[in-house]
Undergrad: 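Got a structure here, written out as structure tokens. Questions coming.
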Amino acid sequence: MNELLIRYVSVSFSAALLMTVLMLLRPLYKNRFSKRWQYYIWLVVIIRLLIPWNPGNGLVGYYCHEIQGKVQSAIGQISERVNSAVDSSTEHTEEKDEIKNEIAVVAQEQPLPDKKETDSEKTNAMKIQDIPSENTKLAFFKNIANNIWIFWLVTALILFIRKITIYQSFVKFLKAGCVTVDEINRLEILGKVMEQNGLHCKTELYKNSLTASPLLIGFFHPAVVLTKTELSDIDFYYIALHELTHYRRRDMFYKWLVQFTICLHWFNPFVYVLEREVSRLCELSCDEAVIKKLDADGRRAYGDTLLRAMREGGFYKNAFASITLLQGKELLKERLGAIMKEKRKTGWTVVFSAVAALLFAGSAVVAGAYVQPQAAPKVKSESKKEETSLSEYKMIEQNGNFYILYKGANEQDMPSGGVTDGCIGITLVKKEEYTAIGPFKDVPNLARDVKTQTEYLLEKKSISKEEAQLFGKAAEKIQKDILKIGINRTKVSLSAGTSIILKLFGTDKQVKWSSDNKKIATVNKDGKVTAKKAGEAVIKAKVYGQTYSCAVNVYAQAEKEKANQEEMRKDAYRQLGITKKNGAYYFRGRRIRIFMDMRKDQSFELFHYDKDGKVDIRLDHSDDYAEASIENLTESEAKEILKDMTDTDDVDDGGQMSFNISRLKKSQLSSKALEAVRKCKDHRWYEIADNDMRYIYYYGLPGQYAFEPKFSGQKAEIEIVDMKSSKGTYVLLAVRNHVPFIVKYQDREVALQKISI
């Protein structure tokens, strides 16, 4: 593991050189290249720090090897001196022992007077005792040097865990003091900004009196936190645009990648320069992205928003890995200057910046990393006889039977015939004769089963030892090749008229494709599956005698037809003056409270209720919307539809009482929801939850159905009744928003079995 540490130390030096180059050249590219280029060019440094690999040693790797050689040489000299001292002390000890023995013999004949050891003897004795101690110390320091990687890695782990803990504590503390912002105009502006950024995720909006500046938290579910200051609509628009631009560019992930890099290279002071520069350029490049489509007045308004945000706010600073609107007065001054001086980059600037990025990336390779020299290849013993190699012989596969052309045999000598489908056979072909073994069905244990058969044939002397080796080598190769193969999809759902490509991975052999029901789905030689009509089919791919299957479920309504139906409804709405914006319906510019979309049989196609609406309407239409008329509901009709609405105002739905229910067909469901519907049993009622959507499903109706929403207390009642028509089979309703509801069928409440997907 010390080698891994050496590699990371070497790339740390390489990255330090790259950062030095970037900082020295900054005056040249600061006002010429885009802030986006300056922001992302640091990724080259980060990649250099994280990947301790290089095609060659490079500059740093070369010096690492030089230093390593000198260190090893110094250690060798120290070891040699210690060993020499140990040998010398051993000889001295042996001489002293001989003298003592002689003295002991004389002492038996005549007692000697007591005599103290001379100074020289004391010195020699001290030297002898000191040598083992010095040797132990050397071994101790060697042990520390060999395990220093543990200290490096444990420190990095502790630092990273600490950063995560600090961030979690910050978010927890921040959310504890947050108040949800539910003003309609704020939410509409936020929705507009999300649409401009192409975002479709759920975004939360809070206000916190402690935070010093508006900021963004959250990796997958973003939340914009505002200060206590009352903002104008234009200020809020620019703040939301700035923060959601950060989210769209995934700047939070970038900043955490920097934090991980810092923890891994905590010993390198240059990584803290990296953190500062990335944090600074993150804001500059975000400003650049925001003002890209603004005119001069828009830039000035955006700059004014930054200034107002700087003057007001709480005292609590953001954590190191959240994204804030402001990060100090010096950076604000630089940002305002960049906003007002922003100029459109020419084509040549783009070309030069691309070339500069490539050169810089090449410099990262030239800077290099420590690469351990490869060990010298082992020389085979000349006395050891080489085993038979399968590569010396040609092997041909036909329908699961593998033929080994042995000692001059060719394809004309191959016998006819085959093996059972799904089995493997191996045949050793010679001139005018052959030896076949098999069939084998258990591919994972093919080598074992082949060995069993060849050992039996060896005992019978039906094959030679060399031939047995060939069978074994062939079995190992066949087993390895087949086990690598797989099909990219084992189950797929398609609408009639659509196609999908199936592939076998792990092989470049020609695959034989087939369908067990061509009326439902067909497949061509390249694995392209085309759905024909509703039903189920199995697509099979055969190679090496093995079959790989994919179950295809085809639905009657194609995606194109589904899109046409949706477009037909939208066109009819537009012609009648109905529009939809941020989940709310509008009729001739006025927000709709009650919207009833009715079929000719007086059953609902869609029911929508919005507490903040001002007008109640009813739409009657034919199945294809060719005939459609619209009329206002009278006050008495609205009260009749929504009885006791004053009692339902307390329904907890994020501060807004709303209800939206419509009927669907199975072909309109997502693949996940459709899979859940398939698992439902007949004659049971289900509530299927899919994020913010809930589906009511039941299979086994005697005929068509109608549904009517009602309100009772704090719950919505969805009443379902039979229409006495010959067509039917299932109920499928989509309920949007979080209003609690119960379902009644023929005036009786039903028990809903809940499923989450």
Side-chain angles (χ1 to χ4, degrees), residues 194 198-204 218-223 487-496 498 500 502 521 529 531 534-538 549-559 561-563 565-566 583 604-608 651-654 658-701 705 707 709 715-718 720 728-745 749-757:
M194 291 180 65
L199 300 176
H200 304 287
C201 57
K202 183 180 179 181
T203 303
E204 297 174 329
F219 288 87
F220 303 102
H221 301 290
I487 192 167
N488 63 332
R489 301 286 293 273
T490 57
K491 194 173 184 181
V492 66
S493 299
L494 295 174
S495 298
T498 60
I500 190 173
L502 295 181
V529 180
E536 294 183 352
V538 177
S549 302
C550 175
V552 179
N553 206 331
V554 181
Y555 304 103
Q557 185 178 9
E559 290 297 325
E561 182 183 350
K562 173 184 169 183
Q565 286 185 346
E566 291 295 328
F604 282 93
E605 178 75 23
L606 170 71
F607 176 86
H608 177 82
V651 175
D652 184 11
D653 186 32
S658 61
F659 190 66
N660 194 327
I661 179 170
S662 58
R663 68 171 69 222
L664 297 176
K665 296 179 181 178
K666 287 183 181 180
S667 58
Q668 295 174 277
L669 292 173
S670 65
S671 58
K672 287 184 179 179
L674 189 56
E675 189 66 28
V677 164
R678 280 199 184 147
K679 295 178 181 178
C680 295
K681 296 182 179 180
D682 297 350
H683 305 290
R684 288 190 185 180
W685 291 89
Y686 291 90
E687 178 185 345
I688 302 171
D690 184 8
N691 294 326
D692 292 333
M693 184 75 73
R694 288 172 294 169
Y695 301 102
I696 300 169
Y697 177 72
Y698 176 86
Y699 185 89
L701 285 186
Y705 71 95
F707 76 88
K715 286 187 176 180
E717 291 184 3
I718 303 171
I720 298 172
T729 53
Y730 65 88
V731 172
L732 184 57
L733 298 173
V735 183
R736 296 169 179 82
N737 300 323
H738 297 288
V739 176
F741 65 85
I742 61 173
V743 176
K744 287 186 176 181
Y745 176 58
E749 185 175 347
V750 300
L752 294 171
Q753 185 172 336
K754 297 185 178 181
I755 300 174
S756 296
I757 58 175

Undergrad: Considering only heavy atoms from C-beta outward, does the side chain of Ile718 approach that of Ile696 to under 4.5 Å?
TA: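 The answer is yes; the side chains approach within 4.5 Å.
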Undergrad: What's the spacing between Leu502 CG and Arg489 CZ if we round to 0.5 Å?
TA: 8.0 Å
Undergrad: Leu664 vs Leu733, test: side chain to side chain contact (heavy atoms under 4.5 Å, CB included). Steps then yes/no.
TA: CA-CA 6 Å; Leu664 297 176; Leu733 298 173; over 6 Å; no
Undergrad: How many angstroms lie between atom OG1 of Thr729 and atom OH of Tyr699, to the nearest 0.5 angstrom?
TA: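 Those atoms lie 5.0 Å apart.
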Undergrad: Name all residues meeting the ring-ring contact (aromatic ring centres under 6.0 Å, His included) criterion together with Tyr745; count only those two or more places apart in sequence or in a different chain, and write none if there are none.
TA: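 Result, ring-ring contact (aromatic ring centres under 6.0 Å, His included) vs Tyr745: Trp685.
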Undergrad: Hey, does Tyr695 have a side-chain heavy atom less than 4.5 Å from the side chain of Val677?
TA: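 No, their side chains stay 4.5 Å or more apart.
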Undergrad: Could you measure the distance from the CE atom of Met194 to the NE2 atom of His200? Nearest 0.5 Å is fine.
TA: 8.5 Å
Undergrad: Where is the tightest heavy-atom contact between Ser662 and Phe707, given as atom of each residue plus distance?
TA: CA-CZ, 4.4 Å
Undergrad: How about Val538 and Val552: do any of their side-chain heavy atoms sit closer than 4.5 Å?
TA: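 No - every pair of side-chain heavy atoms lies 4.5 Å or more apart.
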Undergrad: Of all heavy-atom pairs between Ser549 and Ile487, which one has the smallest distance, and what is that distance?
TA: O-CG2, 4.0 Å
Undergrad: Enter the distance from Leu674:CG to Lys679:NZ here, rounded to the nearest 0.5 Å.
TA: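 So the CG of Leu674 and the NZ of Lys679 are separated by 11.5 Å.
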Undergrad: Under the salt bridge (Lys or Arg N to Asp or Glu O under 4.0 Å) rule, collect the residues that match up with Lys491, sequence neighbours excluded.
TA: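 Salt bridge (Lys or Arg N to Asp or Glu O under 4.0 Å) list for Lys491, sorted by chain: Glu675.
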Undergrad: Is the closest side-chain heavy-atom distance between Val492 and Val529 below 4.5 Å?
TA: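 Side-chain contact under 4.5 Å: no.
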Undergrad: Check Gln753 against Arg684 and note the closest heavy-atom contact, atom names and distance.
TA: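 Minimum heavy-atom separation between Gln753 and Arg684: OE1-NH1, 3.7 Å.
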Undergrad: Go through the structure and list residues passing ring-ring contact (aromatic ring centres under 6.0 Å, His included) with Tyr697, not counting sequence neighbours.
TA: none
Undergrad: Roughly how far, to the nearest 0.5 Å, is CG of Leu752 from CD1 of Ile688?
TA: 10.5 Å
Undergrad: How long is the gap from NZ on Lys666 to OG on Ser493, to the nearest 0.5 Å?
TA: 12.0 Å
Undergrad: So, is the end of the Arg663 side chain (NZ or CZ) under 6.0 Å from the ring centre of Tyr705 and within 45° of the ring's axis?
TA: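 Judged by the rule (NZ or CZ under 6.0 Å from the ring centre, within 45° of its axis), Arg663 counts as positioned above Tyr705.
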Undergrad: Is there a side-chain contact between Phe741 and Ile661 (heavy atoms, below 4.5 Å)?
TA: no
Undergrad: Run Arg694 and Glu687 through salt bridge (Lys or Arg N to Asp or Glu O under 4.0 Å) and show every step you take.
TA: CA-CA 7 Å; Arg694 288 172 294 169; Glu687 178 185 345; 3.7 Å; yes
